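Down below is the structure, laid out as structure tokens.
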Amino acid sequence: MKNVRVRFAPSPTGPLHIGGVRTALYNYLFARKNNGTMILRIEDTDQARFVEGAEKYIVESLAWCGIEFDESVTVGGPHAPYRQSERKELYKQYSDQLIASGNAYYAFDTPEELEQKRKEAEAEKKIFTYNAESRKYLCNSLTMSKQDVDKYLNEDVPHVVRFLIPEKTEVLMYDIIRGKVVVQTESLDDKVLFKSDGMPTYHLANIVDDHLMEISHVIRGEEWLPSLPLHILLYQAFGWEAPEFAHLPLLLKPDGNGKLSKRDGDRLGFPVFPIDWIDPVSGEKYTGYRESGYYPDAFVNMLALLGWNPGTEQEIFSMDELIQVFSLDRVGKSGSKFDPEKTKWFNHQYLIKQSNEAVANDFNVILKEKSIEIKTEKMVKIVSLVKERVPFVKDLWNETYFFFEAPQSYDEQVVKKRWNENSAQQMTDLATKLSAIEAFETVTIDQTLKEWIEQNQFGMGAIMNALRLLLVGAAKGPHLGDIMEIIGKEETIDRINSGINKL
RNA sequence: CGCCCGUUCGUCUAGUUGGUUAGGACGCAAGGUUUUCAUCCUUGAAAUCAGGGGUUCGAAUCCCCUACGGGUGACCA
């Protein structure tokens with residue numbers, strides 16, 4: 001295979017959503033797997049849709065995911081610049097070349113005129129297309145005399161350049177994921193290649209840049225499949241060798257139908273974006289995976305398995321492992337409904353894999369906000385006891401608050417079930433027994449408890465549950481001996497006594 | 001409406017050369033472990049392979065039709 005060079009080419013019209021991140025990821029995996037080059041190109045040819053901060057957002061998001069670029073707007077490269085607006089001067093010659101070769105023509109129809117045509121067509125329940133038939137009656141260099149065309153051009157009459165779709169031929173295409181695709185040129189329209197504002201359209205800029213940047217494989221979303229024939233035709237018109245294409249199936253809404261969109265996140269309560277995004281115009285905020293407490297590795301792992309699978313039963317993959325096993329021919333053909341539940345499961349798996357120290361460190365940030373200071377050693381111990389119970393670090397508080405503060409209330413259900421007329425006396429006796437322990441450690445505490453319960457012929461469950469109620473406030477939490485050792489003798493006794501008073 | 005793409009448990013999917021009790025995972029349910037909760041372990045329910053026709057000894061796998069879903073139809077990408 002020739003040198004693999006792939007690009008991720010978003011346009012900075014807003015935040016990148018997870019579908020876009022997945023496209024970038026598959027490009028990256030493919031590049032790394034084949035010792036190729038990964039390129040980031042910003043397609044900002046539409047000045048009207050430019051959104052402030054979007055490019056920065058894209059770069060930051062992908063960096064968070066661990067998707068690195070060999071050539072990009074930030075690191076540069078042999079084909080710089082990588083921002084199409086900065087390559088503006090380049091495109092005109094190619095558009096001219098197509099006109100000279102008879103593959104394109106000037107069109108002077110105004111947007112208003114075309115809009116009018118569309119409305120008229122719509123009234124007759126038809127769709128207006130600028131094609132082999134209609135171009136004969138429209139205002140362009142095919143219908144006008146050469147003198148008129150030159151005159152218009154000299155007078156700078158606003159105009160566009162349109163691609164001349166060949167008549168009555170078949171375009172034969174090959175897609176790595178879908179195989180052979182055939183389209184008749186009659187179903188195509190004469191797309192604008194060069195706009196009246198002096199900018200190329202996506203189609204022209206994209207083909208020119210992919211060619212100049214020596215892109216070997218175009219891996220992009222399925223929404224581009226309908227424009228593949230045009231792109232193939234453009235390569236042919238230029239006499240260039242086309243890259244290979246792979247059109248990825250789309251990410252769909254978890255419920256109902258349609259492709260995943262910006263709004264679905266808030267509607268269904270899960271992030272649709274990799275990192276937080278605040279709309280610069282409306283000020284509206286969209287939450288990201290990063291800020292929701294997801295590990296980037298978990299997020300990437302989940303995304304990789306959405307539409308691709310290794311063919312084995314392995315589900316947990318590091319980025320390096322993904323690079324090892326990734327292949328485009330194991331990408332599915334059909335769209336995938338996004339599953340927020342499974343995404344959480346992935347994060348849980350990754351949290352379990354983290355070291356206790358790392359989790360303790362993250363959790364410490366939350367504790368600091370609550371003004372809780374605690375020794376690292378103790379923190380690590382606590383984390384080791386509860387780490388496997390939660391999918392997110394932020395959920396840790398719910399499972400550990402009783403290590404840091406006495407219960408504020410007692411779960412009524414549990415009180416009803418576990419607290420009876422004997423409990424107060426039993427707990428009082430137990431408190432004195434516990435206070436007599438010299439080395440207040442799990443082992444000794446457990447032993448003392450066990451002996452005392454056996455001596456008095458109390459039920460293990462009854463005593464332990466009542467004690468847990470006083471120490472934790474609810475029927476949950478790790479081994480009681482561990483809890484007591486960590487909060488210490490004094491605190492244990494205090495909680496027992498104040499609990500007895502309150503209940 | 002035109003063109004293009006797709007269709008295996010609720011969801012993500014295995015099944016790539018036709019012969020499997022159609023496998024796994026998430027979620028769900030039950031049981032076990034646990035002094036509690038969670039974890040964990042075991043088990044279970046869950047796809048007549050969209051439907052209908054072929055081809056074949058045999059089809060989820062090949063062919064055709066239909067239905068449904070999706071994408072696209074801008075001087076947006």
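Fair warning: this is a prediction, and the values are worked out from it, not measured in the lab. Letters A, B, ... mirror the listed sequences (proteins, then strands); counts begin at 1.
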With rounding to whole Å, what would you report as the distance between [N] and [M] at their [atom1] atoms?
{"N": "B:A50", "M": "B:A59", "atom1": "P", "value": "15 Å"}
{"N": "B:A30", "M": "B:G69", "atom1": "P", "value": "36 Å"}
{"N": "B:C5", "M": "B:G44", "atom1": "P", "value": "42 Å"}
{"N": "B:C76", "M": "B:A38", "atom1": "C1'", "value": "50 Å"}
{"N": "B:A47", "M": "B:A14", "atom1": "C1'", "value": "13 Å"}
{"N": "B:U20", "M": "B:C64", "atom1": "C1'", "value": "27 Å"}
{"N": "B:G52", "M": "B:U13", "atom1": "P", "value": "25 Å"}
{"N": "B:G54", "M": "B:G70", "atom1": "C1'", "value": "28 Å"}

Which atom names give the shortest non-hydrogen contact between [X] and [Y], and what distance separates them?
{"X": "A:I232", "Y": "A:F245", "answer": "CD1-CE1, 3.8 Å"}
{"X": "A:S141", "Y": "A:Y105", "answer": "OG-CB, 3.2 Å"}
{"X": "A:T185", "Y": "A:K168", "answer": "OG1-N, 3.2 Å"}

Side chains of [X] and [Y]: is there a donor and an acceptor less than 3.5 Å apart?
{"X": "A:N27", "Y": "A:R7", "value": "no"}
{"X": "A:S85", "Y": "A:D44", "value": "yes"}
{"X": "A:Y91", "Y": "A:D209", "value": "yes"}
{"X": "A:H231", "Y": "A:D210", "value": "no"}

What residues form a side chain to side chain contact (heavy atoms under 4.5 Å, CB included) with A:N398, not counting sequence neighbours?
A:K476
A:I352: side chain to side chain contact (heavy atoms under 4.5 Å, CB included) partners, not counting sequence neighbours:
A:H348, A:E388
Using a cut-off of 4.0 Å on non-hydrogen atoms, how would the nucleic acid contact of [X] be classed: base, sugar-phosphate, or nothing?
{"X": "A:G477", "answer": "base"}
{"X": "A:G221", "answer": "nothing"}
{"X": "A:R178", "answer": "sugar-phosphate"}
{"X": "A:V414", "answer": "nothing"}
{"X": "A:L480", "answer": "base"}

May I have the distance from [X] (atom [atom1]) to [N] (atom [atom2]), rounded to whole angstrom?
{"X": "A:F317", "N": "B:A25", "atom1": "CZ", "atom2": "C1'", "result": "12 Å"}
{"X": "A:I165", "N": "B:C3", "atom1": "CD1", "atom2": "P", "result": "16 Å"}
{"X": "A:H247", "N": "B:G6", "atom1": "NE2", "atom2": "C1'", "result": "15 Å"}
{"X": "A:K353", "N": "B:U39", "atom1": "NZ", "atom2": "C1'", "result": "18 Å"}

Look at the side chain of A:N140 and the backbone N and O of A:R135, then say whether any donor-acceptor pair between them is shorter than 3.5 Å.
yes
Pi-cation contact, A:Y26 with A:R22 (under 6.0 Å, within 45°):
yes
Considering only side-chain heavy atoms of A:E313, which listed nucleotide, B:A25, B:U36, B:G24, is closest?
B:G24
Strand partner of B:C75, provided both Watson-Crick or wobble distances fall under 3.5 Å:
none
Does some side-chain heavy atom of A:S384 sit less than 4.5 Å from a side-chain heavy atom of A:V359?
no
Any side-chain heavy atom of A:K117 within less than 4.5 Å of one from A:L138?
yes
Specify the residue among A:G311 and A:V390 whose closest nucleotide of RNA chain B lies further upstream toward the 5′ end.
A:G311
Mapping A:E222 and A:L385 to their closest nucleotides on RNA chain B, which lands nearer the 5' end?
A:E222
Ring-plane angle category for A:Y57 and A:W277, please: parallel below 30°, perpendicular beyond 60°, tilted otherwise.
perpendicular
It should be established whether A:N309 places a side-chain nitrogen or oxygen under 4.0 Å from OP1 or OP2 of nucleotide B:U13.
no
Using heavy atoms and a sub-4.0 Å distance, could you list which residues of residues 327-337 of chain A are near RNA chain B? By number, please.
A:R330, A:K333, A:S334, A:S336, A:K337
So, are A:K92 and A:D96 salt-bridged, with charged N and O less than 4.0 Å apart?
yes
Contact pattern, 5' to 3', of [range] - B, S or - by protein heavy atom under 4.0 Å:
{"range": "nucleotides 44-52 of chain B", "result": "---------"}
{"range": "nucleotides 72-77 of chain B", "result": "SBSBBB"}
{"range": "nucleotides 61-67 of chain B", "result": "-------"}

